[in-house]
Q: 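This is the structure, below, for whatever I ask next.
The chain is numbered in sequence order, starting from 1. Just so it is clear, the model here is predicted, and its values are computed rather than measured. Excluded from the calculations below are hydrogen atoms, water molecules and symmetry mates; all remaining heavy atoms, backbone and side chain alike, are included. Whatever order the structure lists ligands and atoms in, that order sets their numbers, starting from 1.
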Amino acid sequence: MRILGIDTSCDDTSAAVVVDGRTIASNIVSSQFAVHRKYGGIVPELASRRHVEMIWPVVRESLHAAGTTLEDLDAIAVCHGPGLIGSLLVGSSFAKSLSFAAGIPLVAVNHLEGHVYSAFLEERCPEYPFLSLIASGGHTSLLIVEGFGRYLELGRTRDDAAGEAFDKVAKLLGLGYPGGPVIDRLSREGNRKAFDFPRAYVPQSYDFSFSGLKTAVRNVVRHLGQTSPAQELGGGGLSGLTADIAASFQAAVVDVLVRKVEWAIVRKGIRRVTLSGGVAANSELRRRMAEMAADRAVDLFLPSASLCTDNAAMIAAAGFHRFMAGDRAGLDLNPKASLPLPSMSSEQEAPCSLESSRTVTTISSIWKKPL
Ligand code: KG4
Ligand code: ZN
């Protein structure tokens, strides 16, 4: 079963051919970093225009790289949300046209379901039920996946997504866009204990919150900006200090993500865990999650970094299951900027061990070095 996957949910134009939902024949991702970098974030209108330019070359390249023609395809799986509406419209309009013109069945795939199924593209893949942490630029969710299409949401972010926090903090530090990879790299040179940034353990909940952490970083940067020459932060002058802030920030995000997953493992007795979404490419998160999984004797499934960030192979993988379940989309398919996972129920109950939320009010209590 050969499925062409298409994802244009955000700022990457991607197309892939996946066989039987498991084997990647091609996975082409055209990044728009160069378009958005100078604005310090994604400009939705520019993203849509770039998708229009790139969609056909990327799809053609994915077919070519897979040695496949349109006639060989069993279905087209397209991401129809959540995401930037203008971007989603390009992919879904293209997929509908191709489906109609070539007479190939069309399947609509939720972007988050795609992230969950990225774990099935590696040689070793999880059995049900498993715990799935999706940490991306737009979402941070912790789910129990009971079977295909059966999701129980334990928690989600109440404000910023984890990746959004990486991007905003990188901007504050003058490190450019996207923030995650650069903070990941810079953190290796910094002291993760230099600043005691807050970890928000939302009481009685598996929910996440990262906006307080971002504000704490902003306060430190502002304070240091007053006490040091303005160009020093992010200007390369105090690169050691910037690396310390980056490493301390990253440690705070990773602590919370690892701890919440650990709580869910203990409380729910689940023995398999998958990570996905762009933040799952983070080297410290991968290392710390692997240590925790070893301590708890649970099986951890970590897709390779290129399958954690947005890609169309994950859309084709999830699309395979939808197709096999008989799902079909028509030419009336309309993408949606906001779209919950299909058949998702949610549960709010107290995790097994709680730490009270910590709020840090003074800069000096965050910065462990004397000011
Ligand atoms: O899954 P993704 O490619 O797109 C969305 O669905 O949002 O995730 C993109 C996010 C961005 O916020 C980016 O900064 C973050 O993932 N990211 C990382 C790393 N690589 C990408 N965050 C931390 N460490 C990384 N190595
Ligand atoms: Zn994504």
Q: Salt bridge check: are R2 and D72 linked by an N-O gap of less than 4.0 Å?
A: no

Q: Does any N/O atom on T309 come nearer than 3.5 Å to any N/O atom on ligand 1?
A: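 Such a contact does not occur with ligand 1.
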
Q: Are V217 and F195 side-chain neighbours, meaning at least one heavy-atom pair lies under 4.5 Å?
A: no

Q: Which ligand 1 atoms does H115 reach within 4.0 Å, using its non-hydrogen atoms?
A: 1 (O), 6 (O)

Q: Numbering the atoms of ligand 1 from 1, which are under 4.0 Å from a heavy atom of D167?
A: 11 (C), 12 (O), 13 (C), 14 (O)

Q: Of all the N, O or S atoms in H115, which has the shortest distance to the Zn ion (ligand 2)?
A: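 Within H115, restricted to N, O or S, the Zn ion (ligand 2) is closest to atom NE2.
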
Q: Quick one: nearest non-hydrogen protein atom to atom 24 (N) of ligand 1, plus distance?
A: N282 ND2, 3.0 Å

Q: Would you please indicate yes or no on a ring centroid separation below 6.0 angstrom for Y128 and F148?
A: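 When the ring centroids of F148 and Y128 are compared, they turn out to be at least 6.0 Å apart.
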
Q: Would you check if F120 and P126 make a side-chain contact, meaning some heavy-atom pair closer than 4.5 Å?
A: yes

Q: Taking all non-hydrogen atoms of both residues, which atom of E113 and which atom of P342 are closest, and how far apart?
A: OE2-CG, 3.9 Å

Q: Decide whether the shortest distance between a heavy atom of Q250 and an atom of ligand 1 is less than 4.0 Å.
A: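 Checking ligand 1 against Q250, which is what was asked, there is no heavy-atom contact under 4.0 Å.
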
Q: Using the benzene-type ring in the case of Trp, are the ring centres of H321 and Y117 under 6.0 Å apart?
A: yes

Q: Where does the angle between the aromatic ring planes of H111 and H115 fall among parallel (under 30°), tilted (30 to 60°) and perpendicular (over 60°)?
A: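 Perpendicular, since the angle between the ring planes exceeds 60°.
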
Q: Counting both backbone and side chain atoms, is some N or O of D310 under 3.5 Å from an N or O of ligand 1?
A: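 The answer is yes, given that D310 and ligand 1 share an N or O pair closer than 3.5 Å.
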
Q: Numbering the atoms of ligand 1 from 1, which are under 4.0 Å from a heavy atom of A281?
A: 26 (N)

Q: Below the 3.5 angstrom mark, is there an N/O of G278, backbone or side chain, next to an N/O of ligand 1?
A: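 Between G278 and ligand 1, an N or O pair is found under 3.5 Å apart.
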
Q: Taking atom types as modelled, find out whether S283 and D184 have a side-chain donor-acceptor pair closer than 3.5 angstrom.
A: yes

Q: Can you tell if the side chain of R328 reaches within under 4.5 Å of the side chain of F323, non-hydrogen atoms only?
A: yes

Q: Just to be sure I read this right, does ligand 1 sit under 4.0 Å from the backbone of D184, its side chain, both, or neither, counting only heavy atoms?
A: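 Under 4.0 Å from ligand 1, D184 contributes side-chain atoms alone.
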
Q: Would R49 and E53 pass as an ion pair if we require N to O under 4.0 Å?
A: no

Q: Examine ligand 1 and decide if any of its atoms is less than 4.0 Å from a heavy atom belonging to H139.
A: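 Checking ligand 1 against H139, which is what was asked, there is no heavy-atom contact under 4.0 Å.
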
Q: Does an N or O anywhere in D12 fall below 3.5 Å from an N or O of ligand 1?
A: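 No, there is no polar N/O contact under 3.5 Å.
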
Q: With atom 9 (C) of ligand 1 as the reference point, say which of G137, A135, G138, A280 has the nearest heavy atom.
A: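 Among G137, A135, G138, A280, the closest heavy atom to atom 9 (C) of ligand 1 belongs to G137.
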
Q: Could you list the atoms of ligand 1 found under 4.0 angstrom from a heavy atom of V279?
A: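 With V279 as reference, the close atoms of ligand 1 come out as 16 (O), 18 (C), 22 (N).
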
Q: N/O/S of C10 less than 2.8 Å from the Zn ion (ligand 2)?
A: no

Q: Of all the N, O or S atoms in D310, which has the shortest distance to the Zn ion (ligand 2)?
A: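 The nearest such atom is OD1.
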
Q: Are any of the heavy atoms in C10 under 4.0 Å away from ligand 1?
A: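 Contact check C10 vs ligand 1: negative.
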
Q: Under 4.0 Å from a heavy atom of G163: which atoms of ligand 1 are those, numbered in the order shown and with their elements?
A: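 So the answer, numbered in order with elements, is 12 (O).
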
Q: Is any N or O atom of G277, backbone or side chain, closer than 3.5 Å to an N or O atom of ligand 1?
A: no

Q: Looking only at N/O atoms, are G180 and ligand 1 under 3.5 Å apart anywhere?
A: yes

Q: Flag yes if more than 12 heavy atoms outside F100 fall under 6.0 Å of its CZ atom; otherwise flag no.
A: no

Q: Could you please spell out the steps behind the side-chain hydrogen bond (donor to acceptor under 3.5 Å, both in side chains) verdict for S209 and D159?
A: CA-CA 6 Å; S209 167; D159 39 57; 2.7 Å; yes

